[in-house]
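Taking it in order: structure first as structure tokens, then the write-up.
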Amino acid sequence: EAHEGQTQVNAIFAFGISTDETVHIDAVFVVGVHVSLVFLRQLHGNLDGDGAVLSLNDVGNGGFVEDLNTVAGDTIGDVRVSAVGKPFVWAAAFAVFVAKQLGVDEAEIRKGILSFENAAMRQSITECGGVTLIEDCYNASPESVRAAIDIMNTLAGEEKRRTVAILGDMLELGDDSAAMHNSVGEYYAKNEGKILITVGKLSKNTEEGAVRCDLPVSSAMHFDRYDSDEAVEAVADAALNVLKPGDILLVKASRGARAE
């Protein structure tokens with residue numbers, strides 16, 4: 001029995017991505033035990049559980065989860081994801097699995113996943129003046145910026161539309177902040193980024209990383225400040241001067257950088 005103030009846990013599901021980008025979900029069943037996150041890791045490391053494997057196909061402009069094989073031996077396929085990018089498909093795969101364990105009807109699962117909409121400033125994709133705008137500036141970390149760059153390239157597609165990014169400061173990264181900003185710039189340059197506008201003193205490191213990985217200096221612009229309306233307008237004007245119809249513009253930064 002769970003003690004007062006504790007939660008009774010009947011099942012724990014550990015969720016992870018393998019190197020071949022298949023979602024693996026291991027189920028560890030625990031009855032009547034209060035489990036902290038630390039204890040969960042210990043349990044998962046020491047106990048074998050039944051598992052489920054989800055293979056992902058067609059992860060592009062949206063995607064779908066195919067052949068979800070549950071521990072009960074049944075299957076649900078063709079679960080379509082309305083959002084763009086692999087992270088959303090992976091998250092949807094886990095949601096489908098959990099819903100299946102809870103006995104949710106398959107039609108309702110498909111309907112629920114397809115009806116997903118991003119919150120404001122979280123990868124909101126719109127068309128404006130012939131430019132595809134990815135507004136993803138509610139928050140930022142190195143991992144989420146790299147994911148956003150991948151999504152930008154997905155939208156660029158085989159047509160190889162020109163990619164432009166406004167990348168602002170990623171805040172609260174601690175002592176490794178400079179190196180993390182640097183790595184994001186490197187990733188942008190190595191993944192076919194064409195024009196880079198960086199905003200904030202920390203993001204000077206982003207520009208330096210991109211230029212070191214062969215982004216032409218002429219394709220990089222940096223603005224130190226975002227602490228006034230005039231400073232933000234200067235960034236906007238710089239973007240407007242380089243954007244052309246057909247371009248894809250990614251705007252990504254921590255909330256404090258005022259990228260919206």
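Side-chain atoms of H222 and T198 form a donor-acceptor pair, as typed in the model, at a separation below 3.5 Å. Side-chain atoms of D150 and Y187 include a donor-acceptor pair closer than 3.5 Å.
Side-chain contact between N153 and T163 is present, with at least one heavy-atom pair separated by less than 4.5 Å. Counting only heavy atoms from C-beta outward, the side chains of I248 and I134 approach each other to under 4.5 Å. Using a 4.5 Å heavy-atom cutoff, the side chains of V184 and H181 are not in contact. Looking at L243 and V164, their side chains come closer than 4.5 Å, going by heavy atoms from C-beta outward. Residues L155 and I125 have side chains in contact (heavy-atom distance under 4.5 Å, counting atoms from C-beta outward). For the pair V232 and V199, the minimum side-chain heavy-atom distance is 4.5 Å or more. Side-chain contact between V145 and M170: present, with at least one pair of heavy atoms (C-beta onward) separated by less than 4.5 Å. For the pair P142 and L173, the minimum side-chain heavy-atom distance is below 4.5 Å.
Between the CE atom of M152 and the CZ atom of R161 there is a distance of 11.5 Å, given to the nearest 0.5 Å. For the atom pair D237 CG and E230 CD, the distance stands at 11.5 Å (nearest 0.5 Å). Interatomic distance, S177 OG to N182 CG, rounded to the nearest 0.5 Å: 10.5 Å. Distance check, rounded to the nearest 0.5 Å: CD1 of I166 to CD1 of I195 gives 11.0 Å. In this structure, CG in L202 is found 10.0 Å from CG in D224, a value given to the nearest 0.5 Å. Rounded to the nearest 0.5 angstrom, T126 OG1 and L133 CG are separated by 4.0 Å.
D136 has a carboxylate O that lies under 4.0 Å from a charged side-chain N of K252, or vice versa, which qualifies the two as a salt bridge. Look at K160 and E192 and you find a salt bridge, because one of the NZ, NE, NH1 or NH2 atoms lies within 4.0 Å of a carboxylate O, short of that distance. Electrostatic pairing of E106 and R110 counts as a salt bridge here, judged by a charged N lying under 4.0 Å from a carboxylate O.
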Q.
For a side chain to side chain contact (heavy atoms under 4.5 Å, CB included) check, start with the C-alpha distance between T132 and L249, then their side-chain angles and the critical distance, and finish with the verdict.
A. CA-CA 6 Å; T132 300; L249 173 63; over 6 Å; no

Q: Report the C-alpha distance between V242 and M221 in whole Å, list the side-chain angles of each, state the deciding distance to 0.1 Å, and finish with yes or no for side chain to side chain contact (heavy atoms under 4.5 Å, CB included).
A: CA-CA 11 Å; V242 299; M221 290 174 275; 3.8 Å; yes

Q: I would like to know whether V235 and Y226 meet side chain to side chain contact (heavy atoms under 4.5 Å, CB included); could you show each step before the answer?
A: CA-CA 8 Å; V235 177; Y226 49 76; over 6 Å; no

Q: Please assess S203 against D169 for the test side chain to side chain donor-acceptor pair (under 3.5 Å), listing each intermediate value before the final yes or no.
A: CA-CA 5 Å; S203 290; D169 285 352; 3.0 Å; yes

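Among all heavy-atom pairs drawn from A238 and F223, the shortest one is CB-CZ, 3.5 Å. Contact detail for A210 and A189: the closest heavy-atom pair is O-CB, 3.4 Å. In this structure, G209 and E186 approach most closely via the heavy-atom pair O-CG, 3.5 Å.
Take N191 and apply the side chain to side chain donor-acceptor pair (under 3.5 Å) test, not counting sequence neighbours, and it matches no residue. Under the side chain to side chain contact (heavy atoms under 4.5 Å, CB included) criterion, A220 pairs with E207, V211, L215, sequence neighbours left out.
Taken together through direct or relayed side-chain contacts under 4.5 Å among Ile, Leu, Val, Met, Phe, Trp and Tyr, L114 and I109 form parts of separate hydrophobic clusters.
Within 6.0 Å of CD in E172 there are 12 or fewer heavy atoms belonging to other residues, nucleotides or ligands.
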